[in-house]
Amino acid sequence: MWFGITLFTILLPLLIMVVKTISVIFLPKDSTSYNLVTFLGDPIIALLISVFVAYYTLGLSRGLKMKDLLSLTEEGFKSIAGILLIIGGGGAFKAILIDSGLGKALTDIMTSLHMNPILLACKRIFWIIINRCV
């Protein structure tokens, strides 16, 4: 029984987003239900809903107190804080590239090279390694 609840809790954000993807095909774009499904199916909102469901299904329903859930949450954030900072920094860097117009310029330059982006990145990494060794 607990495995099913745990599996449901893990798959809930995916289920919410799949329902949104399918629903927006059939719902009229100017309807309230379309707006509601689009809002609830947004990845951030779907994850937030799933966190609250997880607090209940994996915590409160198994006898944990809110204080215990808070300490578990704090421990989890300590272990992923660095990853969150890197992701946030990457998002900020993306915004700078787009707002400054540098992203468009880089796109134009890279597409004119007619080279696979992976090979281009490998070439750049190789160039950096060679210059540091010399």
Margin query: Please evaluate residues F8 and T57 with respect to the criterion side chain to side chain contact (heavy atoms under 4.5 Å, CB included), reporting the C-alpha separation (whole Å), side-chain torsions for both, the decisive distance (0.1 Å), and the verdict.
Written below: CA-CA 10 Å; F8 170 75; T57 59; 5.5 Å; no
Next item on the list: Indicate if L58 and V53 have the same hydrophobic cluster label, given that clusters are the connected sets of ILVMFWY residues with side-chain heavy-atom separations under 4.5 angstrom.
Entry: no
Notebook entry, point to check: Is atom CG of L70 surrounded by more than 12 heavy atoms (other residues, nucleotides or ligands) closer than 6.0 Å?
Noted result: yes
Item checked: Connected-component partners of F52 among ILVMFWY, side-chain separation under 4.5 Å -> L48, V51, Y55, Y56, L60, L64, M66, L69, L72
Next item on the list: Starting from I109, walk the hydrophobic network (Ile, Leu, Val, Met, Phe, Trp, Tyr; side-chain heavy atoms closer than 4.5 Å) and list everyone else you reach, by chain and number.
Entry: none
Next item on the list: Return the minimal non-hydrogen interatomic distance between S50 and T9, and the atom names on each side.
Entry: O-CG2, 4.5 Å
Next item on the list: Determine whether I118 and L106 fall in the same hydrophobic cluster, where Ile, Leu, Val, Met, Phe, Trp and Tyr are linked whenever their side-chain heavy atoms lie under 4.5 Å apart.
Entry: no
Next item on the list: Show which residues join I86 in its hydrophobic cluster (side-chain heavy-atom contacts under 4.5 Å, direct or indirect), or state none.
Entry: none
Checklist line | Rounded distance [0.5 Å steps], CD1 in I130 versus CD1 in I125 | finding: 12.5 Å
Notebook entry, point to check: Roughly how far, to the nearest 0.5 Å, is OG1 of T21 from CD1 of I25?
Noted result: 7.5 Å
Notebook entry, point to check: Nearest 0.5 Å, what's the CG-CD1 distance between L27 and I22?
Noted result: 11.5 Å
Next item on the list: Quick one: which residue pairs count as a side-chain hydrogen bond (donor to acceptor under 3.5 Å, both in side chains) with a foot in residues 75-103, not counting sequence neighbours?
Entry: none
Next item on the list: Give the other cluster members for L84, using side-chain heavy-atom distances under 4.5 Å between Ile, Leu, Val, Met, Phe, Trp and Tyr residues; answer none if it is isolated.
Entry: F77, I80
Item checked: Minimum heavy-atom distance A46-M17, with the two atoms named -> CB-CG, 4.0 Å
Checklist line | I49 side, atom CD1; L47 side, atom CG - distance, nearest 0.5 Å | finding: 9.5 Å
Check: With sequence neighbours left out, which residue pairs that include part of residues 16-42 fulfil the salt bridge (Lys or Arg N to Asp or Glu O under 4.0 Å) condition?
Finding: none
Note to self: With rounding to the nearest 0.5 angstrom, report the CD1 to CG distance, I16 to L40.
What the structure shows: 7.5 Å
Notebook entry, point to check: Looking only at heavy atoms, which two atoms of G103 and T107 are closest? And how far apart?
Noted result: O-OG1, 2.8 Å
Check: Looking at CG of N131 and CZ of F126, how far apart are the two atoms once the value is rounded to the nearest 0.5 Å?
Finding: 10.0 Å
